[in-house]
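Read the structure below first, then the notes.
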Amino acid sequence: MRHQPPTPHEARPGSDVTTPQLPSPRGELSAAVLSGLHEGRPLAPPREAPDPYGDDLQLALYMLYELHYQGFEGVPDDREWDPNLLAVRRSLEQRFLDALHSDVPQPHSDAEQALGALLVEPTGHDDASVSHHLQRDGELWQFREYAALRSLYHLKEADPHAWVIPRLRGRAKAGMVAIEYDEFGAGRAEEIHARLFSDLMGDLGLETAYGHYLDAAPAEALATVNLMSLFGLHRALRGALVGHFATVEVTSSPGSRRLAAALRRMGAGAAAQRFYDEHVTADAVHEQVVRHEVVGGLLADEPHLGADVAFGVHATGFLEERLNAHLLKAWRQQHSALRTPLSDTEGGRRT
């Protein structure tokens, strides 16, 4: 069955900047949020408690968080601080956070132990790892699906982590800003990592507009992005946000090396390869800064946040493992892992 690509994003009047279209609802809750975004009316609570990891809650939460990023076409900018929407968001994120505290395995309560465990690379091929799969056995259509899903984060790369900067001080703040400076292109717009990922997507024949693949993304992918927004928007969760950020930086270099090798094996272009090549080098340096300066500095100032940092590490790994399992299950059956498979012109595989 051939699927039509999502509606192209629209530009604001008098501007080249495009704003994402609102997605289609996935249940009672996300339909109510869509109505609230359009009309600003109070939202009735759902009749049943939604699955904290399911499509309906994760899409609703994603839409409410997106008001703090680029927003949506046709949604007034002042909806960002609509008290009714904020109250709904709070109830949804509390359900999500409660589920994470209940379900996430936490083998380490110490931040350094939790981060140290990430430095141990598995020997040989890791059958539960998407990057190992793509490097060894993956096909180009699978990498395109992976890039489409990851675009929901990488096209806003570094943005959710920037919220923690005013909540840090001293060594932690200096280290965080130094890493973020690199992520935002070190003063050069063309080197912003989100721009490099957009170039990667273009090289792979994908639509590069921000948020374009939201309707195609399963709940497992939305949850990984929502976690960053959840941690970033709450000062009380600053330790968990630092743990998330540290996890990304510590695991990025080896994972990026495998993904760059996968793209070379698949014959992708230079722009596609460059994004991951850049992360192999940059994140090897960032790993040291984040562990010794950001985490070390934070815990020197606020040692009571050590368990929160460890929770951020473990929650990140938990949701990434869920996404990996979703992708690999579909791909090993030669099925699309997307809710709406890519069109033929975008390199998708028809199911």
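Numbering of residues begins at 1 and proceeds along the displayed sequence.
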(message) For a 4.5 angstrom cut-off between non-hydrogen side-chain atoms, does Tyr210 reach Lys156?
(response) yes
(request) Indicate yes or no for a side-chain donor-acceptor contact from Gln58 to the backbone of Pro52 under 3.5 Å, with no hydrogens or angles considered. (result) yes
(message) Check this for me, if you would: do Glu157 and Arg195 make a salt bridge, where the nitrogen-to-carboxylate-oxygen distance has to be below 4.0 angstrom?
(response) no
(message) Can you confirm whether Leu155 sits close enough to Met201 that some side-chain heavy atom of one is under 4.5 Å from a side-chain heavy atom of the other?
(response) yes
(request) Working to the nearest 0.5 Å, report the span between CG of Asn226 and CG of Leu97. (result) 12.5 Å
(request) Establish whether Phe184 and Ile165 are linked, either directly or via other cluster members, by ILVMFWY side-chain heavy-atom contacts under 4.5 Å. (result) no
(message) What verdict does the side chain to side chain donor-acceptor pair (under 3.5 Å) test give for His212 and Gln21, after you've listed the backbone C-alpha separation in whole Å, the side-chain angles of each residue and the deciding distance to 0.1 Å?
(response) CA-CA 8 Å; His212 182 83; Gln21 298 289 312; over 6 Å; no
(message) With a 4.5 Å cut-off on side-chain heavy atoms, are Leu233 and Arg89 touching?
(response) yes
(request) State, to 0.1 Å, how close Pro160 and Ser229 come at their nearest heavy-atom pair, and which atoms those are. (result) CB-N, 4.4 Å
(request) Taking all non-hydrogen atoms of both residues into account, name the closest pair between Ala217 and Leu152 and its distance. (result) CB-CD1, 3.5 Å
(message) Taking the side chain as everything from C-beta on, heavy atoms only, tell me whether Phe245 gets closer than 4.5 Å to Val290.
(response) yes
(request) Decide whether Glu183 and His193 meet the rule of one side-chain donor and one side-chain acceptor closer than 3.5 Å. (result) yes
(request) Give a yes or no on whether a salt bridge exists between Glu145 and Arg339, defined as a side-chain N under 4.0 angstrom from a carboxylate O. (result) no
(request) Test side-chain contact (heavy atoms from CB on, under 4.5 Å) on Arg238 and Leu305 and set out the steps. (result) CA-CA 8 Å; Arg238 62 193 180 280; Leu305 293 180; 3.7 Å; yes
(message) Can a donor-acceptor pair be found, under 3.5 Å and without considering hydrogens, that links the side chain of Tyr213 to the backbone of Glu207?
(response) yes
(message) Do Ile179 and Tyr153 sit in one hydrophobic cluster, given that two such residues count as connected whenever their side-chain heavy atoms are within less than 4.5 Å of each other, even indirectly?
(response) yes
(request) For the pair Ser256 (side chain) and Ser253 (backbone), establish whether a donor and an acceptor sit closer than 3.5 Å, ignoring hydrogens and angles. (result) no
(message) Please say yes or no: joined through hydrophobic side-chain contacts below 4.5 Å, possibly via intermediate residues, are Leu119 and Val309 part of one cluster?
(response) yes
(request) State yes or no: are the ring centers of Trp163 and Tyr69 separated by less than 6.0 Å? (result) yes
(request) Measure from the side-chain N and O atoms of Tyr181 to the backbone N and O of Ala186, and report whether any donor-acceptor pair falls under 3.5 Å. (result) yes
(message) If I take atom NE2 from residue His244 and atom OG1 from residue Thr316, how far apart are they, to the nearest 0.5 angstrom?
(response) 4.0 Å
(request) Heavy atoms only: give me the nearest Leu149-Ala221 pair and the separation to one decimal. (result) CD2-CB, 4.2 Å
(message) Under a 3.5 Å distance rule, please check whether Asp308 uses its side chain to pair with a backbone N or O of Gly239 as donor and acceptor.
(response) no
(request) For the residue pair Thr224 and Glu220, establish whether any side-chain heavy-atom pair is separated by less than 4.5 Å. (result) no
(request) For residues His326 and Trp331, establish whether the separation of their ring centroids is below 6.0 Å. (result) no
(message) Checking side-chain polar atoms at under 3.5 Å, does Glu320 have a donor or acceptor matched by the opposite partner on Asn324?
(response) no
(request) Indicate whether the side chain of Thr340 and that of Asp215 have a donor and an acceptor atom separated by less than 3.5 Å. (result) no
(message) For Lys173, is there an ion pair with Glu293 - N to carboxylate O distance below 4.0 angstrom?
(response) no
(request) Kindly indicate whether the side chain of Thr19, heavy atoms from C-beta on, has any atom under 4.5 Å from the side chain of Gln70. (result) no
(request) Kindly say whether Arg26 contributes a backbone atom to a donor-acceptor pair with the side chain of Asp55 at under 3.5 angstrom? (result) no
(message) Give me the atom names and distance for the closest heavy-atom approach of Val250 to Pro254.
(response) O-CD, 4.0 Å
(message) Give me the atom names and distance for the closest heavy-atom approach of Ala60 to Val33.
(response) CB-CG2, 3.8 Å
(request) Taking Asp199 for its side chain and Ala271 for its backbone only, find out whether a donor-acceptor pair lies under 3.5 Å. (result) no
(request) Indicate, with yes or no, if the rings of Phe275 and His279 have centres closer together than 6.0 Å. (result) yes
(message) Measuring only between side-chain heavy atoms, which start at C-beta, is Gln142 closer than 4.5 Å to His133?
(response) yes
(request) Using the test side chain to side chain contact (heavy atoms under 4.5 Å, CB included), find all partners of His38 that sit at least two apart in sequence or belong to another chain. (result) Leu22
(request) Would you check if the side chain of Thr247 reaches a backbone N or O of Gly243 as a donor-acceptor pair within less than 3.5 Å? (result) yes
(message) Can you see whether Gln273 engages Arg264 through a side-chain donor-acceptor pair at a distance of less than 3.5 angstrom?
(response) yes
(message) Quick check for you: to the nearest 0.5 Å, what is the distance between Leu118 atom CG and Ser252 atom OG?
(response) 12.5 Å
(message) Rounded to the nearest 0.5 Å, what separates atom CG in Leu230 from atom CG in Leu241?
(response) 9.5 Å
(message) Minimum heavy-atom separation for Arg171 and Ala300, please, with both atom names.
(response) NH1-CB, 4.2 Å
(request) With salt bridge (charged side-chain N to carboxylate O under 4.0 Å, His left out) as the test, would you mind laying out the steps for Glu249 and Arg291 before giving the verdict? (result) CA-CA 9 Å; Glu249 297 300 330; Arg291 290 182 65 211; over 6 Å; no
(request) Check whether any side-chain heavy atom of His314 lies under 4.5 Å from a side-chain heavy atom of Leu319, and answer yes or no. (result) no
(request) Decide whether Leu92 and Val104 are clustered together by the hydrophobic rule: side chain heavy atoms of Ile, Leu, Val, Met, Phe, Trp, Tyr closer than 4.5 Å, transitively. (result) yes
(message) On the six-membered ring of Phe197, is Arg150 placed so that its NZ or CZ lies under 6.0 angstrom from the centre and within 45° of the ring axis?
(response) no
(request) Identify, with sequence neighbours excluded, every residue that meets ring pair (Phe, Tyr, Trp, His ring centres under 6.0 Å) alongside His234. (result) none
(request) Might you work through the side-chain contact (heavy atoms from CB on, under 4.5 Å) test for His132 and Asp127, ending with a clear yes or no? (result) CA-CA 7 Å; His132 278 89; Asp127 289 335; over 6 Å; no
(message) Using ring centroids (six-membered ring only for Trp), state whether His101 and Phe311 fall under 6.0 Å.
(response) yes
(message) Evaluate Trp141 against Leu342 for side-chain contact (heavy atoms from CB on, under 4.5 Å), listing each step before the verdict.
(response) CA-CA 9 Å; Trp141 69 269; Leu342 301 174; over 6 Å; no
(request) Measure the CG-CG distance between Leu227 and Leu222 for me, rounded to the nearest 0.5 Å. (result) 12.5 Å
(message) If hydrophobic clusters are built by linking Ile, Leu, Val, Met, Phe, Trp and Tyr wherever their side-chain heavy atoms come under 4.5 Å apart, do Leu86 and Leu64 end up in the same one?
(response) no
(request) Would you please name every residue forming a side-chain hydrogen bond (donor to acceptor under 3.5 Å, both in side chains) with Glu180, sequence neighbours left out? (result) none
(message) Assess, by modelled atom type and distance only, whether the side chains of Glu93 and Tyr65 contain a donor and an acceptor separated by less than 3.5 Å.
(response) yes
(message) So, taking the atom named CG in Asp82 and the one named CG in Leu37, what distance separates them when rounded to the nearest 0.5 Å?
(response) 9.0 Å
(message) Evaluate Asp51 against Leu57 for side-chain contact (heavy atoms from CB on, under 4.5 Å), listing each step before the verdict.
(response) CA-CA 7 Å; Asp51 177 358; Leu57 183 141; over 6 Å; no
